[in-house]
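Input: a single structure, listed below in structure tokens.
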Amino acid sequence: STDHTLTFGGKAQVTIPSGAAIFSDPAPLRASAFSDLAISFYLPEQSIQQETCHPLSSATNFVAPGDDTGAAALQSPRTVSDWCFVKGVDVSVKNRKTAAIVAFGDSITDGAKSTRDSNSRWPNILAQRLQANKKTANLSVLNEGISGNRLLHDKAGPNALARFDRDVLAQSGVKYLILFEGINDIGHTAQSVDAADVITADQMVFALGEMAMRARAHEHGIKVYGATLAPYAGAKYSSDK
């Protein structure tokens, strides 16, 4: 009963240019805080050289043959643990004081090791705490963590500096940023035998400072919070040194 058909410029289908992002038309769907939202889409048979996916979604997703976008149940579905193609959902609100917080980081933010389908990543917990307080209930949290992400190296997804404009500045209603990156750079620098994989302390400071300054630019007005790197004993690159 809550099913709504998405359109793109009034049309039921769209062709997405390589590397581009496409927004659907608004859907008149009411959603309360922490609602589960199911998004279905159909890909006609075609050759795709590279899929746009977010691994380690910590959520169960489904793939089924044919066009089941409007079906109440999928036929012969298989499960996958990645989010593919859909980048996010913008929500329109009447309260003009509403703002978004971007949680920007690596696997710690992405939700690695959290229980699948439990929405227990730390950005989820932060959102729940904010919602429980009337003074902060107007704030939403956008999780922009990528597991394995680095500050200046393209290892797991584009490096943090390269994706910053897309994942922070281009998001709707952003007023706050929690910057939580760098542990992978420290770990890989300590263990890597490839000189090109090493990052210096000065380079880390530069990358973090560059992102903070971009966000604080006059036209964006985003308040930046730098997160302290958490202890990482037990990680594959931890040591007593």
Side-chain angles (χ1 to χ4, degrees), residues 21 31 33-37 52-59 81-83 86-91 93 97-133 135-153 155-187 204 207-217 220-232 235:
F34 309 117
S35 297
D36 286 327
L37 184 64
T52 303
C53 292
H54 183 144
L56 300 175
S57 67
S58 298
S81 58
D82 298 348
W83 275 317
V86 178
K87 165 67 175 173
V89 177
D90 280 355
V91 180
V93 292
K97 294 182 178 180
T98 298
I101 303 170
V102 171
F104 188 81
D106 47 40
S107 60
I108 302 171
T109 301
D110 196 10
K113 304 296 184 179
S114 64
T115 302
R116 181 182 292 189
D117 298 326
S118 66
N119 290 326
S120 56
R121 315 162 190 86
W122 76 255
N124 295 110
I125 306 303
L126 173 61
Q128 293 166 11
R129 293 179 63 181
L130 294 171
Q131 187 68 26
N133 187 335
K135 294 181 179 180
T136 56
N138 63 315
L139 298 174
S140 62
V141 180
L142 310 181
N143 189 334
E144 293 291 351
I146 296 180
S147 293
N149 201 223
R150 304 275 299 277
L151 286 169
L152 295 172
H153 291 87
K155 295 294 183 179
N159 68 76
L161 197 56
R163 70 184 181 93
F164 188 81
D165 287 14
R166 180 197 70 185
D167 291 345
V168 179
L169 303 185
Q171 300 302 311
S172 300
V174 177
K175 293 297 182 184
Y176 306 98
L177 166 66
I178 301 174
L179 193 54
F180 197 178
E181 282 262 15
I183 196 68
N184 290 317
D185 300 273
I186 295 172
M204 290 186 64
L208 293 168
E210 179 69 15
M211 288 186 283
M213 290 303 294
R214 277 199 217 178
R216 289 207 308 267
H220 299 293
I222 298 173
K223 189 169 185 177
V224 182
Y225 294 88
T228 304
L229 293 178
Y232 63 106

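When a residue number appears, it is its place in the shown sequence, counting from 1.
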Where [X] and [Y] come nearest, the two heavy atoms and their spacing:
X    : Y    : result
A112 : S147 : CB-OG, 4.4 Å
G111 : S58  : O-OG, 3.4 Å
L161 : A207 : CD1-O, 4.0 Å
M204 : G182 : CE-O, 3.6 Å
S57  : S81  : OG-O, 2.7 Å
L177 : A215 : CD2-CB, 4.1 Å

Test item: [X] and [Y] side chains (from C-beta on) under 4.5 Å apart, heavy atoms:
X    : Y    : result
L208 : L179 : yes
K97  : K175 : no
I222 : L169 : yes
R121 : T109 : no
I101 : Y225 : no
D106 : F180 : no
P55  : D82  : yes
H54  : D110 : yes

Using the ring of each side chain (for Trp, its six-membered ring), is F164 parallel, tilted or perpendicular to F104, with breaks at 30° and 60°?
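Perpendicular: the ring planes of F164 and F104 meet at over 60°.
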Between the side chain of Q171 and the main-chain N/O of D165, is any donor-acceptor distance below 3.5 Å?
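No, the answer is negative, given that no donor and acceptor are paired below the 3.5 Å cut-off.
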Is there a side chain to side chain contact (heavy atoms under 4.5 Å, CB included) between V174 and H220? Walk through the geometry before answering.
CA-CA 8 Å; V174 177; H220 299 293; over 6 Å; no
In sequence, state the C-alpha distance, the side-chain angles, and the governing distance for K87 and D167, and then conclude on side chain to side chain contact (heavy atoms under 4.5 Å, CB included).
CA-CA 10 Å; K87 165 67 175 173; D167 291 345; 2.8 Å; yes
Residue pair N138, V93: steps toward the side chain to side chain contact (heavy atoms under 4.5 Å, CB included) verdict
CA-CA 10 Å; N138 63 315; V93 292; over 6 Å; no
The single option from K155, R163, E144 passing side chain to side chain donor-acceptor pair (under 3.5 Å) against N149
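Among the candidates, only R163 passes.
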Verify the neighbour count for atom CZ of R116: are there more than 12 heavy atoms of other residues, nucleotides or ligands below 6.0 Å?
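Atom CZ in R116 is packed in, count exceeds 12.
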Are more than 12 heavy atoms, taken from residues, nucleotides or ligands other than N133, located less than 6.0 Å from that residue's CG atom?
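Count over threshold, so yes.
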Polar side chain donor-acceptor pair, N184 to H153, under 3.5 angstrom
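Looking only at side-chain atoms, H153 and N184 do not form any donor-acceptor pair under 3.5 Å.
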Hey, could you give me the CD1/NZ distance between I108 and K113, rounded to the nearest 0.5 Å?
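So the CD1 of I108 and the NZ of K113 are separated by 12.5 Å.
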